Colleague: 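The following block contains the structure, expressed as structure tokens.
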Amino acid sequence: MTPTFSREVGKKIRSIRKYKGISIEELGRIIYKSKATVSKYETGDIAMDIDTLYAIAAALNVQVEQLLCAEPKKPSPLIENMPNTFFKNSNRFYSYFYDGRINKLIRCVVDIFPQTSGAGYKTMLYMNVRDFDQYWQCENSYSGHTEHYDTLTTLILTNQATPLEKLTINILASFLESEQKWGLMSGVSFRPFMPIALKMLFSRYPLTENQELINELKISRDDIRRMKMYNMLAIT
């Protein structure tokens with residue numbers, strides 16, 4: 001690791017550790033390192049080897065990619081031959097949905113990594129994010145992969161804290177050039193426990209959070225008309 005990269009990784013480790021309420025001493029005991037060594041990891045004064053990085057990720061119950069992923073200053077190509085236009089120019093996306101149980105707009109961040117996991121591109125979803133600058137401090141985080149097809153992109157994700165909870169997000173016509181795309185998320189709600197499906201709006205940039213956005217995310221008359229027509233929730 002370069003000194004700059006080590007510092008960025010260290011900042012991410014410290015932030016996640018504090019958010020999860022884990023002390024330096026406790027983290028050190030788990031990975032068999034002294035408090036002083038862990039402190040130097042977090043400040044970037046000493047670089048970690050790959051085994052230590054994986055050990056820290058396991059201790060914090062996160063994916064290694066969550067420690068390596070630094071905030072991009074601007075959209076950057078995911079890979080040159082990405083077939084889907086909406087996803088081709090960025091590796092980070094901002095998503096929103098409206099939770100009618102608590103009458104609240106929920107903001108999310110999606111990171112899609114260049115490397116594949118066999119089935120597709122490795123993916124992280126951070127749900128109910130408080131601050132986009134520290135988006136990993138969220139209510140729930142999900143890991144999985146993204147599959148790209150000619151007319152559809154599908155995200156398949158599992159809650160890192162509760163593997164019982166799995167999400168599938170389908171985004172139609174992601175091959176079209178657009179700053180925003182609608183998606184349909186289906187999964188399980190735990191408040192109360194039941195299967196659900198809802199609208200999600202994806203964007204390459206954070207959106208203005210106002211009543212207009214909330215109205216877009218709520219089920220509309222057109223949505224209800226299609227539900228009656230097809231007997232299912234459909235997003236176009």
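Throughout, numbering of the chain's residues begins at 1 and tracks the sequence. In this text the structure is predicted, and so the values were computed from the model without any measurement.
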Colleague: Just checking, any donor-acceptor pair under 3.5 angstrom between side chains of Asn210 and Thr208?
Modeller: no

Colleague: Pick out which of Val110, Asp111, Asn140 makes a side chain to side chain contact (heavy atoms under 4.5 Å, CB included) with Tyr126.
Modeller: Asp111

Colleague: When the aromatic ring centroids of Phe86 and Phe93 are compared, is their separation below 6.0 Å?
Modeller: yes

Colleague: Any chain of hydrophobic side-chain contacts (each under 4.5 Å) joining Tyr32 to Leu27?
Modeller: no

Colleague: For Trp136 and Ser15, test the side chains for any donor-to-acceptor distance below 3.5 angstrom and give the result as yes or no.
Modeller: yes

Colleague: Can the ring centres of Phe190 and Phe193 be said to be less than 6.0 Å apart?
Modeller: yes

Colleague: Picking from Lys12, Arg17, Lys35, Lys11, what satisfies salt bridge (Lys or Arg N to Asp or Glu O under 4.0 Å) with Glu42?
Modeller: Arg17

Colleague: Taking the side chain as every heavy atom from C-beta outward, state whether Leu217 and Asn215 have any atom pair closer than 4.5 Å.
Modeller: no

Colleague: Among the clusters formed by ILVMFWY side chains lying less than 4.5 Å apart, do Tyr19 and Val129 turn up in the same one?
Modeller: no

Colleague: For residues Glu216 and Tyr98, is any side-chain donor paired with an opposing acceptor at under 3.5 Å?
Modeller: no

Colleague: Side-chain contact test, heavy atoms from C-beta onward, threshold under 4.5 Å: evaluate it for Cys108 versus Tyr135 and give yes or no.
Modeller: no

Colleague: Considering non-hydrogen atoms only, spot the tightest contact between Ala59 and Ile31 and give its length.
Modeller: CB-CG2, 4.2 Å

Colleague: Phe132 and Tyr94: aromatic ring centres closer than 6.0 Å?
Modeller: yes

Colleague: Could you tell me if Thr146 and Thr123 have a donor-acceptor pair between their side chains, going purely by distance under 3.5 Å?
Modeller: yes

Colleague: Who passes side-chain hydrogen bond (donor to acceptor under 3.5 Å, both in side chains) against Lys166, sequence neighbours left out?
Modeller: Thr158

Colleague: Excluding sequence neighbours, so at least two apart, what forms side chain to side chain contact (heavy atoms under 4.5 Å, CB included) with Ser34?
Modeller: Ala36, Thr37

Colleague: How far apart are the C-alpha atoms of Leu207 and Gln180, what are their side-chain angles, what is the distance that settles it, and do they pass the side-chain contact (heavy atoms from CB on, under 4.5 Å) test?
Modeller: CA-CA 10 Å; Leu207 300 177; Gln180 299 175 14; 3.3 Å; yes

Colleague: Flag the pair Tyr41 / Ile46 as yes when at least one side-chain heavy-atom distance between them is below 4.5 Å, and no otherwise.
Modeller: yes

Colleague: Hey, quick one: are Phe5 and Leu67 part of the same hydrophobic cluster, counting side-chain heavy atoms closer than 4.5 Å, chains of contacts allowed?
Modeller: yes

Colleague: Same cluster for Ile156 and Leu198 if Ile/Leu/Val/Met/Phe/Trp/Tyr side chains link at under 4.5 Å?
Modeller: no

Colleague: When you measure from the side chain of Lys199 to the backbone of Lys218, do you find a donor-acceptor pair of N or O atoms at a distance under 3.5 Å?
Modeller: yes

Colleague: Check whether more than 12 heavy atoms from other residues, nucleotides or ligands sit under 6.0 Å from atom CZ of Arg221, and answer yes or no.
Modeller: no

Colleague: Please tell me whether Leu155 and Leu164 are part of a single hydrophobic cluster in this structure, the criterion being side-chain heavy atoms less than 4.5 Å apart.
Modeller: no

Colleague: Less than 4.5 Å apart, side chain to side chain, heavy atoms only: is that true for Ile13 and Leu60?
Modeller: yes

Colleague: Among Glu65, His145, Gln63, find the one that has a side-chain hydrogen bond (donor to acceptor under 3.5 Å, both in side chains) with Lys122.
Modeller: Glu65

Colleague: Taking C-beta and beyond as the side chain, do Tyr96 and Met200 meet within less than 4.5 Å on heavy atoms?
Modeller: no

